[in-house]
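The structure appears below as structure tokens.
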Amino acid sequence: MKTPIHHIILTVVLLTNCPVPHVSADERLPQGNGSIRNPFKDSEIVITTTSRLAGAIDSLTWNGKEFINSTDHGRQLQSASNFDVESTFNGETFNPTEAGSRHDGAGDTSSSRMLHYIAKGNQLQTTSQMAFWLQPGEKSSGHLAKNSTVLSDHLLTKRVTIGYRDLANVISYDVTFGVPIGEFHKYAQFEAVTGYMPAEFHAFHAFDPKSGQFEPLSNGPGEQNRPVVLATEDGEFAMGIYSPQQPSEGFAQAGYGRWNFGPQHVMKWNCVFRIRDASGIAAADYSFKSFVIVGSLEDVRLAMVRLHEWR
């Protein structure tokens with residue numbers, strides 16, 4: 001039955017006079033809470049993201065073990081970049097960071113902005129506008145922040161898939177850093193992915209691609225050129241990093257870093273790429289592929305052998 005015309009007119013008038021609720025731009029953005037998973041052996045690898053970290057990875061578990069020591073807005077499985085801003089390069093002084101800023105601390109919100117979020121099955125895709133690690137006026141190791149805002153113009157898109165070909169314990173980690181127009185840099189350092197792990201992962205190993213075996217590795221600190229694995233003392237749990245794109249041109253002895261932050265009770269590894277160009281780093285998208293591998297120490301070794309064969 002059609003609605004009488006006078007009822008339609010009245011409805012329009014009433015709706016027109018109703019106040020429209022205000023919705024801020026941030027309220028329309030995705031929150032970044034979700035999880036993905038994939039079976040491996042008798043358990044599942046589960047990756048969890050949170051709005052607290054603007055969609056950065058807050059947790060990675062397998063077989064009852066947590067692999068990530070997520071406390072402040074720096075200790076996650078996440079990505080970041082560093083630039084010289086046409087001056088002497090100092091770490092963290094122009095440092096867009098996926099999860100947020102140092103000032104965010106252990107709080108419930110992030111200075112980074114989540115712009116796009118999909119989490120389905122074993123796949124995750126996010127885009128975020130990264131905050132600078134330092135706020136304007138803050139210092140790191142005595143060096144003053146070079147950024148004049150909290151929120152950068154640098155975008156980060158990541159695509160994460162648990163399981164690669166027939167390797168269920170390999171996490172494909174693809175990231176694209178969007179370097180914006182209007183900035184001038186001669187040196188760019190891209191931390192494609194880093195993992196901060198609990199203190200019990202204090203056994204450091206380096207993968208030798210020629211032998212397919214692990215060799216003992218000091219806890220650094222710093223980088224070297226072999227894929228890194230951090231494991232528990234008994235080898236029951238381990239996490240490794242491998243990239244077919246390593247090393248960066250001109251940086252053959254670097255690429256894979258490791259640290260033991262004893263006072264903070266946290267271990268760290270990373271996969272880093274660098275670009276140096278005296279004429280200036282182009283405003284463009286820079287993409288890197290890495291593989292994060294979890295399981296036992298032997299599970300990780302076998303997967304690294306396969307990944308190197310497919311390189």
Side-chain angles (χ1 to χ4, degrees), residues 34-49 56-68 76-79 118-126 157-176 191-197 201 203-214 217 225-232 235-247 255-258 267-273 287-311:
S35 63
I36 59 174
R37 60 189 65 227
N38 195 54
F40 175 57
K41 289 188 169 181
D42 297 327
S43 184
E44 286 185 315
I45 298 171
V46 180
I47 287 175
T48 302
T49 63
I57 292 174
D58 197 19
S59 169
L60 191 158
T61 60
W62 172 70
N63 203 20
K65 180 68 68 176
E66 175 61 70
F67 286 72
I68 302 300
Q76 284 77 41
L77 190 67
Q78 66 159 317
S79 304
I118 302 173
K120 292 182 179 180
N122 67 332
Q123 294 185 299
L124 169 71
Q125 177 176 303
T126 70
T157 294
K158 71 173 181 285
R159 293 180 178 88
V160 180
T161 303
I162 310 175
Y164 180 73
R165 297 192 184 183
D166 63 342
L167 300 176
N169 64 322
V170 171
I171 300 162
S172 177
Y173 207 100
D174 299 321
V175 295
T176 298
E191 190 173 46
V193 59
T194 184
Y196 286 78
M197 304 183 68
F201 290 86
F204 288 59
H205 305 269
F207 176 69
D208 181 1
K210 293 182 179 179
S211 67
Q213 300 296 321
F214 288 136
L217 180 66
N225 61 359
R226 295 175 295 172
V228 170
V229 180
L230 274 58
T232 55
E236 290 297 311
F237 299 96
M239 175 182 281
I241 178 64
Y242 179 92
S243 174
Q245 290 179 255
Q246 287 287 8
Y256 297 102
R258 79 284 189 212
M267 308 294 158
K268 169 186 166 81
W269 56 260
N270 66 6
C271 181
V272 180
F273 296 90
S287 298
F288 305 99
K289 186 174 193 66
S290 305
F291 295 103
V292 180
I293 310 144
V294 297
S296 69
L297 189 58
E298 181 64 6
D299 292 331
V300 174
R301 187 190 71 82
L302 292 173
M304 282 191 170
V305 169
R306 298 283 300 282
L307 289 170
H308 189 70
E309 290 173 349
W310 294 335
R311 183 183 175 120

Exercise. Is N122 reaching over with its side chain to a backbone N or O of I162, donor-acceptor style, under 3.5 angstrom?
Worked result: yes

Problem set entry | CA sep, side-chain torsions, deciding dist, call: Q76, I57, side chain to side chain contact (heavy atoms under 4.5 Å, CB included) | CA-CA 6 Å; Q76 284 77 41; I57 292 174; 5.7 Å; no

For this session: Please examine the side chains of Y173 and L77, heavy atoms only from C-beta on, and report whether any two atoms are closer than 4.5 Å.
Result: yes

Exercise. Quick one: CZ on R258 to CZ on F204, what's the gap to the nearest 0.5 Å?
Worked result: 8.0 Å

Exercise. Between the side chains of T176 and S287, is a donor N or O closer than 3.5 angstrom to an acceptor N or O?
Worked result: yes

Exercise. Which value, rounded to the nearest 0.5 Å, describes the distance between D299 atom CG and N63 atom CG?
Worked result: 10.0 Å

Exercise. Quick one: do E191 and K268 make a salt bridge, cutoff under 4.0 Å?
Worked result: yes

Problem set entry | Verdict with supporting geometry, F273 and S243, side chain to side chain contact (heavy atoms under 4.5 Å, CB included) | CA-CA 10 Å; F273 296 90; S243 174; 3.4 Å; yes

Problem set entry | K120 side chain reached by Q123 side chain, heavy atoms, under 4.5 Å | no

Exercise. Can you find a heavy atom in the side chain of R226 that is under 4.5 Å from one in the side chain of L217?
Worked result: yes

Seminar exercise, completed: CD1 (I47) and CD1 (I36) are apart, to the nearest 0.5 Å, by 4.5 Å

Exercise. Would you say the side chain of V300 lies within less than 4.5 Å of the side chain of F214, judging by non-hydrogen atoms?
Worked result: yes

For this session: Mind running side-chain hydrogen bond (donor to acceptor under 3.5 Å, both in side chains) on Q125 and T157 for me, showing each step along the way?
Result: CA-CA 7 Å; Q125 177 176 303; T157 294; over 6 Å; no

For this session: Rounded to the nearest 0.5 Å, what's the gap from CE on M197 to CG on L60? Could you check?
Result: 8.5 Å

Exercise. Which distance, rounded to the nearest 0.5 Å, do you find between the CD1 of I45 and the CD1 of I293?
Worked result: 10.5 Å

Exercise. Less than 4.5 Å apart, any side-chain heavy atom of V170 and any of R306?
Worked result: no

Exercise. Closest approach of N38 and A168, non-hydrogen atoms and distance?
Worked result: ND2-O, 3.5 Å

Problem set entry | Intermediate values then yes/no, side chain to side chain contact (heavy atoms under 4.5 Å, CB included), V193 and V175 | CA-CA 8 Å; V193 59; V175 295; 5.8 Å; no

Exercise. At their closest point, which heavy atom of S35 faces which heavy atom of T48, and how far apart are they?
Worked result: CB-OG1, 3.9 Å

Seminar exercise, completed: From the list K41, R37, E44, side chain to side chain contact (heavy atoms under 4.5 Å, CB included) partner of W62 resolves to K41

Problem set entry | Heavy-atom pair of closest approach, residues I241 and C271 | CG1-CB, 3.7 Å

Seminar exercise, completed: Rounded to the nearest 0.5 Å, the CG atom of N270 sits from the OG1 atom of T194 at a distance of 4.5 Å

Problem set entry | Expected output: side-chain Q246 to main-chain G255 donor-acceptor under 3.5 Å | yes

Exercise. Do you know which two heavy atoms are closest between P227 and Y242, and how far apart they sit?
Worked result: CG-CD1, 3.6 Å

Problem set entry | Validation row: F291, L167 side chains within 4.5 angstrom (heavy atoms) | no

For this session: With side chain to side chain contact (heavy atoms under 4.5 Å, CB included) as the test, would you mind laying out the steps for M239 and L230 before giving the verdict?
Result: CA-CA 6 Å; M239 175 182 281; L230 274 58; 5.7 Å; no

Exercise. Quick one: does R301's side chain have a donor or acceptor within less than 3.5 Å of a partner on G212's backbone?
Worked result: yes

Exercise. Under 3.5 Å, is there a donor-acceptor pair between the side chain of N169 and the main chain of V294?
Worked result: yes

Seminar exercise, completed: Between Q78 and A56 the two heavy atoms that sit nearest each other are CB-CB, 4.2 Å

Exercise. Do T126 and K158 have side chains that get closer than 4.5 Å, going by heavy atoms?
Worked result: yes

Exercise. Any side-chain heavy atom of S290 within less than 4.5 Å of one from V292?
Worked result: no

Seminar exercise, completed: Which of W269, F237, F67 passes ring-ring contact (aromatic ring centres under 6.0 Å, His included) with F201? Answer is F67

Problem set entry | Shortest non-hydrogen separation from Y164 to S172 and the atoms involved | CD1-CB, 4.4 Å

